[in-house]
Novice: 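The structure's right below; bear with me while I get my questions together.
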There are 2 protein chains.
Amino acid sequence: MTTENNKDREFELHSFFPYLVRDFYAEVTRAVQSAYRLDYDMSPAEWRCMAILGKDQTLAANEIVTLSSMGKVTVSRAVKRMQERDWLVASSNSDDGRSKMLSLTNAGVTTYLEIVPKVLEIENKLLANISEKQKKDFLDMIDKVKKNRNIHDL
Amino acid sequence: MTTENNKDREFELHSFFPYLVRDFYAEVTRAVQSAYRLDYDMSPAEWRCMAILGKDQTLAANEIVTLSSMGKVTVSRAVKRMQERDWLVASSNSDDGRSKMLSLTNAGVTTYLEIVPKVLEIENKLLANISEKQKKDFLDMIDKVKKNRNIHDL
DNA sequence: TGTTTTTAGTTTCAGTTGAAACTTCTTTCT
DNA sequence: AGAAAGAAGTTTCAACTGAAACTAAAAACA
């Protein structure tokens, strides 16, 4: 009674691949954020900008966008906030008047060097007792799925 | 000059496991959302509620929270919106005056049955040419990482 | 039974994010 | 050179989300 369409209601969210990926991502990201969110009052976007500038020293916002796979809006806001906190300076770009060259200040580098070991430790704990082969297979799978997404334009 | 701390700046975001997971998740979730976001004007939260009620027919909001790993706030809002669209009805729960029993309306079931094949097709495309073993290994890896997260309280 | 504690769900508030429109500067085209 | 097209960033707007406070009802307890 009342239920027509009673056939075929057999979709199982808990074995739906994208659901599992999302759930996994949520756990991993929460774990990593614990390294910097409260202690340094940073957003993931800020941490990622910092991580990229920590390694690549001086870049235009543009390049951070490319390297971080974040949107330019997100990068713009993260950069602004980091400037306000004196973790990042923008010097004018002689080649292009629209963009500034961005780099960490000494205070920014200091913070970066504090956070790096913390996030690496978390990564190590997450990956404890997982073989190199397993890790490689995992990353291979990710690549395959990404390729499939491209091939099928999803 | 100006750069002290020039040593040890060797953190590589692009091989940082949580970054790869996030990036992967972002791609997968975008692919799936394309099945319902524009065509049905639904949020992921609404789709997940629908998916759970589609299978389990009648549940309290509470149980949807557990089954969906979403927060109760998110579920509450998704349910409210689905009620407004007449995709979901709440009938009073004789056992507990605080909660209502939720189920899809016929219109809700119809929508559900339209969306299910679309998301399954997307899942199939994402997983094309990936062996069962690879999938299994991938899920095993996820479980291991989750266990590690628990063990180390991250 | 009456008080306290817990639980279900909602609302409010603040933070994050992306799309689209906009400004400024650069590049291209004629 | 001057106009048109494109690119770099920013701002505005709207949507999603979670934490905390709140309401209402149930369970625990004394």
Side-chain angles (χ1 to χ4, degrees), chain A residues 22-23 25-27 29-34 36-38 40-50 52-53 58-85 88-102, chain B residues 22-23 25-27 29-34 36-38 40-50 52-53 58-85 88-102:
Chain A
R22 179 190 155 92
D23 191 44
Y25 152 73
E27 285 204 18
T29 207
R30 224 176 299 126
V32 181
Q33 276 185 244
S34 72
Y36 58 78
R37 201 172 66 86
L38 298 175
Y40 297 89
D41 185 30
M42 286 175 87
S43 70
E46 287 159 33
W47 157 243
R48 278 196 284 274
C49 287
M50 178 177 271
I52 286 171
L53 288 175
T58 299
L59 298 170
N62 196 13
E63 303 173 283
I64 298 180
V65 169
T66 305
L67 291 171
S68 67
S69 67
M70 298 189 290
K72 63 181 179 176
V73 180
T74 304
V75 170
S76 170
R77 279 187 287 236
V79 164
K80 188 179 179 187
R81 180 136 190 273
M82 290 170 82
Q83 278 179 297
E84 286 162 6
R85 301 179 77 176
L88 188 154
V89 280
S91 50
S92 66
N93 181 350
S94 45
D95 290 355
D96 190 332
R98 296 167 297 182
S99 70
K100 302 282 178 64
M101 297 310 291
L102 306 172
Chain B
R22 179 190 155 95
D23 192 44
Y25 153 73
E27 286 204 17
T29 206
R30 224 176 298 125
V32 181
Q33 276 185 244
S34 72
Y36 58 78
R37 202 173 65 88
L38 298 175
Y40 297 88
D41 185 30
M42 284 174 88
S43 70
E46 287 160 34
W47 156 244
R48 263 177 250 132
C49 287
M50 178 177 271
I52 286 170
L53 288 175
T58 300
L59 296 170
N62 196 12
E63 303 172 283
I64 297 180
V65 168
T66 304
L67 291 171
S68 67
S69 67
M70 299 188 291
K72 61 182 180 177
V73 180
T74 304
V75 170
S76 170
R77 279 187 286 236
V79 164
K80 187 178 179 187
R81 181 135 189 272
M82 291 171 82
Q83 278 181 299
E84 288 162 5
R85 303 180 75 177
L88 188 155
V89 280
S91 49
S92 67
N93 181 349
S94 45
D95 291 357
D96 190 331
R98 294 167 299 184
S99 71
K100 302 283 178 64
M101 297 311 292
L102 307 171

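Within every chain, numbering begins at 1; the chains are lettered A, B, ... in the order of the sequence lines, protein sequences first and strands thereafter. Side chains included, hydrogens not; waters and symmetry mates left out as well; all remaining heavy atoms used.
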Novice: Grab the CG-C1' distance between Leu59(A) and dG9(D) for me, whole Å please.
Specialist: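 To the nearest whole Å, that distance equals 16 Å.
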Novice: May I have the distance from Lys100(A) (atom NZ) to dA8(D) (atom P), rounded to whole angstrom?
Specialist: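 About 16 Å, once rounded to whole Å.
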Novice: Would you mind building the protein contact string for nucleotides 1-6 of chain D? One character per nucleotide, 5' to 3', B for base within reach (heavy atoms under 4.0 Å), S for sugar-phosphate only, - for untouched.
Specialist: -----B
Novice: Toward the 5' end of DNA chain D, which comes first, Val79(A) or Gly71(B), by nearest nucleotide?
Specialist: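 Result: Val79(A).
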Novice: Okay, side chain of Glu63(B), backbone of Ala60(B): is any donor-acceptor separation there less than 3.5 Å?
Specialist: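 Here the side-chain-to-backbone pair exists.
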Novice: Could you check how far CG of Leu38(B) sits from P of dA15(D), rounded to whole Å?
Specialist: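 Rounding to the nearest Å, CG of Leu38(B) and P of dA15(D) are 13 Å apart.
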Novice: Hey, is the side chain of Ser99(B) poking within less than 4.0 Å of OP1 or OP2 on dG9(C), counting only N and O atoms?
Specialist: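 Yes, within the criterion.
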Novice: Would you compute the distance between atom CE of Met42(B) and atom CE of Met50(B) and round it to the nearest 0.5 angstrom?
Specialist: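 These two atoms lie 4.0 Å from each other.
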Novice: Using whole Å, report how far CZ of Arg30(A) lies from P of dT17(D).
Specialist: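 In whole Å, dT17(D) P lies 14 Å from Arg30(A) CZ.
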Novice: On DNA chain C, does the nearest nucleotide to Asp96(B) precede the nearest nucleotide to Pro44(A) from the 5' side, or the other way round? Give the residue.
Specialist: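 Its nearest nucleotide being more 5', the pick is Asp96(B).
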Novice: Determine yes or no for a side-chain-to-main-chain donor-acceptor pair under 3.5 angstrom, with Thr29(A) supplying the side chain and Tyr25(A) the backbone.
Specialist: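 No, the answer is negative, given that no donor and acceptor are paired below the 3.5 Å cut-off.
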Novice: Considering only side-chain heavy atoms of Val73(B), which listed nucleotide, dT12(D), dG18(D), dA8(D), is closest?
Specialist: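 The answer is dG18(D), which lies nearest to the side chain.
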Novice: Could you tell me the separation between the CE atom of Met70(A) and the P atom of dT10(D), rounded to a whole number of Å?
Specialist: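 From Met70(A) CE to dT10(D) P: 13 Å.
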Novice: Hey, which of these two, Lys72(A) or Ser69(A), hits DNA chain C nearer its 5' end, going by closest nucleotide?
Specialist: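 Nearer the 5' end of the strand: Ser69(A).
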Novice: Any side-chain N or O of Lys80(A) below 4.0 angstrom from OP1/OP2 of dT11(D)?
Specialist: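 For Lys80(A), the contact criterion (side-chain N or O under 4.0 Å from OP1 or OP2 of dT11(D)) is met.
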Novice: For the atom pair CG (Leu102(A)) and CD1 (Ile52(A)), what is the distance rounded to the nearest 0.5 Å?
Specialist: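 Output value for this atom pair is 11.5 Å.
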Novice: Rounded to whole angstroms, how far apart are CZ on Arg37(A) and P on dT17(D)?
Specialist: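 In whole Å, dT17(D) P lies 17 Å from Arg37(A) CZ.
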Novice: Can you measure Tyr36(B) atom OH to dA15(D) atom C1' for me and round it to whole angstrom units?
Specialist: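 Atom OH in Tyr36(B) sits about 14 Å away from atom C1' in dA15(D).
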Novice: Using a cut-off of less than 4.0 Å, is there contact between a side-chain N or O of Ser76(A) and OP1 or OP2 of dT10(D)?
Specialist: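 It does, given that an N or O in the side chain of Ser76(A) lies less than 4.0 Å from OP1 or OP2 of dT10(D).
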Novice: Between Asn62(A) and Asp96(A), is there a side-chain heavy-atom distance shorter than 4.5 Å?
Specialist: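 Counting from C-beta outward, Asp96(A) and Asn62(A) never come under 4.5 Å.
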Novice: Does atom CZ of Arg85(A) have more than 12 heavy-atom neighbours, drawn from other residues, nucleotides or ligands, at distances under 6.0 Å?
Specialist: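 Buried by this count: over 12 neighbours within 6.0 Å.
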Novice: Taking only side-chain nitrogens and oxygens of Thr74(A), does any of them come within less than 4.0 Å of OP1 or OP2 of dT16(C)?
Specialist: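 Thr74(A) to dT16(C) OP1/OP2: no side-chain N or O under 4.0 Å.
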Novice: Measure CH2/Trp47(B) against C1'/dC16(D) and give the value in whole Å, please.
Specialist: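 My rounded result for the distance is 19 Å.
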Novice: Under a 4.5 Å cut-off applied to non-hydrogen side-chain atoms, are Gln83(B) and Lys100(B) in contact?
Specialist: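 No - every pair of side-chain heavy atoms lies 4.5 Å or more apart.
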